[in-house]
Amino acid sequence: MYRIGFGNDIHRLEAGKKLILGGVEIDSDLGAVGHSDADALFHAVTDAILGALALGDIGSHFSDKDARWKNADSRVFLAEAMRLTKEKGFAIVNVDSIVSLEKPKLRPFIDAIRENLARSLEIGIDTVSVKAKTGEGVDAVGTSRAIQAEAVILLEKNRKIKYFSSTKIN
Ligand code: MG
């Protein structure tokens, strides 16, 4: 049995903040504002997994009012979503995602982000897609006021084949 999930997240950008995306620190003048480390991609993927399992959303599991998640590494959220995935007898098949950010260009960081996602989701890097877009100068993304991420994910129950990523990043 398959389940599909969709996740979306947006964070405001401000000077003087770190920009963490898919667990990778991006060299940028502007960083993301949030209660945790504000990793929009990890949040979108976590939300997609919870959606596939019909277990609510990231806010219902990790409230931004909870001091435990202040400046939290968003890998923790992904790890909890994976624990729930396994508890329900599922495994991840693949993930596709889009990060929308005006600048900087994300291409140099994409493979490191894919590797982090592959490791967290316990799948091969060849089943992890991360695409980058700009906002073409319009809207909150296009005017560098926000970073947005969207993800779709496929889960399979009683999946037999286990992959483990070993791709090296140069
Ligand atoms: Mg978020």
Side-chain angles (χ1 to χ4, degrees), residues 3-85 92 94-107 109-123 128-136 138-155:
R3 303 287 288 268
I4 193 168
F6 173 63
N8 171 294
D9 195 33
I10 189 163
H11 282 266
R12 266 189 306 117
L13 294 175
E14 265 181 21
K17 300 275 185 187
K18 281 186 181 177
L19 184 58
I20 310 285
L21 192 64
V24 175
E25 186 169 348
I26 310 293
D27 189 16
S28 168
D29 297 335
L30 300 173
V33 180
H35 184 67
S36 65
D37 66 3
D39 190 323
L41 181 57
F42 274 3
H43 293 181
V45 173
T46 301
D47 224 22
I49 294 171
L50 294 172
L53 296 170
L55 287 175
D57 60 26
I58 190 168
S60 61
H61 288 261
F62 308 101
S63 168
D64 62 5
K65 308 282 183 281
D66 190 330
R68 273 183 301 170
W69 315 125
K70 179 100 176 116
N71 300 319
D73 183 334
S74 294
R75 279 188 182 88
V76 171
F77 308 153
L78 212 43
E80 173 63 6
M82 282 304 294
R83 188 190 67 76
L84 291 166
T85 298
I92 311 296
N94 76 303
V95 60
D96 186 19
S97 63
I98 299 173
V99 177
S100 298
L101 180 69
E102 200 63 8
K103 62 183 179 186
K105 291 284 181 213
L106 292 174
R107 187 175 297 266
F109 306 100
I110 291 286
D111 281 345
I113 291 169
R114 291 173 66 215
E115 180 69 19
N116 279 345
L117 270 175
R119 196 173 290 122
S120 285
L121 300 175
E122 300 177 24
I123 51 179
V128 176
S129 166
V130 178
K131 298 171 300 197
K133 291 187 183 302
T134 71
E136 292 286 333
V138 295
D139 214 330
V141 168
T143 52
S144 292
R145 287 182 291 135
I147 181 169
Q148 186 167 26
E150 296 158 294
V152 287
I153 200 157
L154 190 67
L155 274 53

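Counting convention: from 1, in listed order, for ligands and their atoms alike. Just so it is clear, the values below take in all heavy atoms, side chains as well, and ignore hydrogens, waters and symmetry mates.
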K.L.:
Only one of Arg119, Glu115, Arg114 clears side-chain contact (heavy atoms from CB on, under 4.5 Å) with Val128; which?
P.N.:
Arg114
K.L.:
Quick one: do Leu84 and His61 satisfy side chain to side chain contact (heavy atoms under 4.5 Å, CB included)? Show the steps, please.
P.N.:
CA-CA 11 Å; Leu84 291 166; His61 288 261; 3.7 Å; yes
K.L.:
Taking both backbone and side-chain atoms into account, decide whether Asp39 has an N/O/S atom under 2.8 Å from the Mg ion (ligand 1).
P.N.:
no
K.L.:
For Ala79, which residues count as a side-chain contact (heavy atoms from CB on, under 4.5 Å) partner, sequence neighbours excluded?
P.N.:
none
K.L.:
Quick one: report the N, O or S atom of His43 that is nearest to the Mg ion (ligand 1).
P.N.:
ND1
K.L.:
Taking only distance into account, with no hydrogens and no angle test, what donor-acceptor pairs under 3.5 Å do side-chain atoms of residues 24-35 form with protein atoms, sequence neighbours excluded?
P.N.:
from: Ser28; atom 1: OG; to: Leu30; atom 2: N; distance (Å): 3.1
from: Ser28; atom 1: OG; to: Leu30; atom 2: O; distance (Å): 2.6
from: His35; atom 1: ND1; to: Asp64; atom 2: O; distance (Å): 3.3
from: His35; atom 1: NE2; to: Asp66; atom 2: O; distance (Å): 2.8
from: His35; atom 1: NE2; to: Lys70; atom 2: N; distance (Å): 3.4

K.L.:
Angle subtended at the Mg ion (ligand 1) by OD2 of Asp9 and NE2 of His11, to 10 degrees?
P.N.:
80°
